[in-house]
Amino acid sequence: MQLVSPNFADILPANFEIKNFPDGDSYIRILDPEKYKGQQVTFFHRLYPNQNDSITQALLVLGVLKKLKCEVTMVAPYLPYSRQDKTFHDGEAESAKIVCNLLAGAGVKKLVTFDCHFLKKEGEFKYGKLNLQNISLSKAIIDHAKEKFGNTDGAGTEVPFEIVSPDEGANYLVEGAGGKSMKKVRGEYETENKDEAYRTIESMERNFDVSGKNVLIIDDMISTGGTMVKAAENLKKGGAKKVGCATTHGFFLKDSLARLRGMCDFVFASDTIPNEVSEVKIGDFVANL
Ligand code: R5P
C-alpha cells in the first residue's frame with residue numbers, strides 16, 4: 001500500500017495530512033488507519049526542503065505506522081545530512097549516520113533514495129542500522145544533456161562530447177559513460193560568518209583536454225553552486241565549446257542558478273528537489289516501488 005505525503009503530490013496523489021500547530025509543532029494524520037494494519041507500506045515523503053521539519057514529520061508518520069505494525073519502505077528522493085558522513089574535528093556530529101539510525105529506529109525497513117552522497121554507487125547497502133537502496137540518475141541526466149547539446153554545431157559539423165565530474169567523489173556518475181573527473185580541494189571552514197559551516201574551494205584542477213568540445217559537468221548536488229562555478233570557469237578557460245551543468249539534487253542556494261545560467265549554455269536538475277530547472281523526472285523510477 002502507498003502512503004503519500006503532501007510534499008510528494010507533484011508525483012503521486014497525497015493521502016495523509018500534514019499541518020502545523022500554532023507554535024510550529026508538526027501535526028500529521030493518517031486517514032482510515034485501520035486499512036494499513038499489518039500491511040507492507042511504501043511511504044513517500046520528501047526530506048528536503050525544510051529538512052528538520054520534514055524529518056520530524058517522517059518520524060511522526062513512522063510512529064503511527066509502527067503502532068499499526070506495518071512493514072515500511074520509505075522513499076525519500078534526497079537524504080538530508082548525507083554530506084556529513086565524515087568528521088574533521090573532535091566533537092563534530094557524524095550526522096549522516098545519526099539520521100540513518102534515527103530512521104531505522106523509527107521503523108524504516110528500507111530507505112529508497114537517489115544518488116546518495118555517501119554511497120557513491122547504485123545498489124543495496126547498509127549504513128549504520130539503515131538498509132538503503134540507492135538509485136542513480138546519471139544515465140537519465142546524460143541522455144537528457146545529449147539531446148540539449150545535439151551532435152553538431154550550427155554548420156552541421158560534429159562536435160566531440162565530454163562528460164566530467166567536478167571532483168573524484170562524483171566520479172561514479174560519469175565513469176560508466178567514459179567520463180573524466182576534475183580534482184577539487186576544499187579548505188578549512190570559513191570564519192567570516194560564524195553561523196555558517198562552509199568550506200571554501202581552494203582549487204579545481206583538470207588533467208585532460210576539453211578544447212573544442214561540448215562538455216557536460218555532472219555532480220550529485222548543486223548547493224551554493226561554488227563547485228559548479230569553479231568547474232565551469234576551468235572548462236571555459238580550457239577552450240570548451242559549450243558547457244552544460246547538471247545535477248541530481250538542485251538546491252540552487254542564493255543566486256547560484258542565475259550565476260550558472262549566466263556562464264553556461266544550460267543548467268538542469270532532477271525533481272528529487274523540485275525547482276525551476278527540474279527537467280529529469282523521478283516519477284517512472286518510483287511508480288512501482
Ligand atoms: C561534494 O562533495 C558534493 O559532491 C558537491 O560537489 C557539493 O556538495 C556541491 O556543493 P556546492 O554547490 O556548495 O559547491
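Everything quoted here is computed from the prediction, not taken from an experiment. Just follow the structure's listing: the first ligand is 1, and inside any ligand the first atom is 1.
- A perpendicular orientation is assigned to the rings of Phe21 and Tyr27, their planes being inclined by more than 60° (bins at 30° and 60°).
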Given Asn131 and Leu111, is the side-chain contact (heavy atoms from CB on, under 4.5 Å) satisfied, shown in steps?
CA-CA 6 Å; Asn131 297 308; Leu111 183 84; over 6 Å; no
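- Separating the NZ atom in Lys230 from the CD atom in Glu202 is a distance of 10.0 Å, to the nearest 0.5 Å.
- Protein residues are said to neighbour a ligand when one of their heavy atoms lies under 4.0 Å from it; for ligand 1 these are Arg83, His117, Asp167, Lys184, Arg186, Asp219, Asp220, Met221, Ile222, Ser223, Thr224, Gly225, Gly226, Thr227.
- A salt bridge (Lys or Arg N to Asp or Glu O under 4.0 Å) with Lys180 holds for exactly one of Glu162, Glu205, Glu168; it is Glu162.
- For residues 251-268, every residue pair satisfying the salt bridge (charged side-chain N to carboxylate O under 4.0 Å, His left out) rule, not counting sequence neighbours, is listed here: Glu196-Lys254, Arg261-Glu276.
- Relative orientation of the Phe268 and His144 rings is perpendicular, given thresholds of 30° and 60° on the angle between their planes.
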